[in-house]
Amino acid sequence: MAAESVPARFTALRWPLGLNAALGAVAREDDYARHVEQLMRQVLLTDPGERVNRPDFGCGVRRMLFAPNDPAGAALARVTVAEALRRWLGPVIEVDDVAVQAVEDRVEITVAYTLRASGERRYLNEQTGL
């Protein structure tokens, strides 16, 4: 699938959904790169089965908190994160590398990716805990 370029004027709803009190309207995101990061967080933090009309959506990193903290668990988490991002955001990003570490009561995830629209390489650092 060919990547499309970012339009000159980009706007989307901000996630998590919020209100712009000054305008009395739903908050918007005008930066494409930040919008993609928000999409990535939606995939990572949504558990499969959580969305009624799309039960297969998500990655379920919160479930990884209860997995064994060993090399096999880390390898499984890396594959799960990479595959979920490729499945749901494949047309938008190229996943270059995923690192997952279980640290005490949280999971730290670092994703190196490239925006297909601009070719810009970026990093997402996400932590989730109990």
Side-chain angles (χ1 to χ4, degrees):
M1 175 183 267
E4 296 181 23
S5 63
V6 180
R9 286 192 68 191
F10 173 82
T11 189
L13 293 178
R14 183 170 295 155
W15 186 86
L17 190 62
L19 296 177
N20 182 332
L23 298 176
V26 174
R28 296 181 182 264
E29 182 59 67
D30 297 323
D31 183 280
Y32 181 73
R34 281 197 309 242
H35 172 66
V36 171
E37 285 181 7
Q38 293 165 8
L39 292 176
M40 292 172 70
R41 284 188 175 95
Q42 284 183 49
V43 171
L44 294 175
L45 299 176
T46 301
D47 286 329
E50 188 174 332
R51 290 192 175 181
V52 175
N53 293 324
R54 189 168 295 263
D56 54 340
F57 179 82
C59 177
V61 295
R62 289 186 185 106
R63 294 179 187 172
M64 294 175 199
L65 290 170
F66 303 104
N69 188 5
D70 60 12
L76 178 61
R78 277 193 303 276
V79 170
T80 302
V81 167
E83 289 304 312
L85 290 172
R86 286 184 183 113
R87 177 178 182 191
W88 297 108
L89 298 178
V92 179
I93 62 171
E94 174 70 31
V95 177
D96 301 322
D97 188 39
V98 176
V100 178
Q101 271 192 315
V103 180
E104 296 179 10
D105 63 344
R106 68 184 187 279
V107 174
E108 296 177 351
I109 302 167
T110 303
V111 181
Y113 64 98
T114 304
L115 290 173
R116 292 190 187 271
S118 65
E120 177 184 4
R121 185 172 170 125
R122 298 182 58 92
Y123 298 88
L124 175 74
N125 295 305
E126 185 65 33
Q127 291 185 15
T128 187
L130 295 174

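We count residues from 1, following the sequence as given.
If you take CD on E37 and CZ on R34, they are separated by 8.5 Å, rounding to the nearest 0.5 Å. Here OG1 of T46 is found 6.5 Å from CD of Q42. Values are rounded to the nearest 0.5 Å. Note: T80 OG1 to L44 CG = 11.0 Å, rounded to the nearest 0.5 Å. To the nearest 0.5 Å, atoms CZ (R51) and CG (D56) are separated by 10.5 Å. The distance from atom OH of Y113 to atom CD of E120, rounded to the nearest 0.5 Å, is 7.5 Å. Distance CG/D47 to CZ/R63: 4.5 Å, rounded to 0.5 Å.
Nearest approach of V98 to R78, heavy atoms of both residues: O-CD, 3.0 Å. Across all their heavy atoms, G58 and A84 have their closest contact at O-CB, 4.1 Å. Minimum heavy-atom separation, C59 to P48: C-CD, 4.0 Å.
Residues E126 and M40 have side chains not in contact (no heavy-atom distance under 4.5 Å, counting atoms from C-beta outward).
Within a 6.0 Å radius of CD in E108, other residues, nucleotides and ligands contribute more than 12 heavy atoms. Atom CZ of R54 has 12 or fewer neighbouring heavy atoms from other residues, nucleotides or ligands inside a 6.0 Å radius.
Salt bridge status for R86 with E83: present, with a side-chain N to carboxylate O gap under 4.0 Å.
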Verdict with reasoning, R41 to L124, per side chain to side chain contact (heavy atoms under 4.5 Å, CB included): CA-CA 9 Å; R41 284 188 175 95; L124 175 74; 3.3 Å; yes
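With hydrophobic clusters built from ILVMFWY side chains whose heavy atoms lie under 4.5 angstrom apart, L89 shares a cluster with V61. Neither L76 nor L85 shares a network with the other; the hydrophobic side chains, linked directly or stepwise wherever heavy atoms of I, L, V, M, F, W or Y lie under 4.5 Å apart, form separate groups for each.
In terms of modelled atom types and a separation under 3.5 Å, the side chain of R116 and the main chain of I93 share a donor-acceptor contact.
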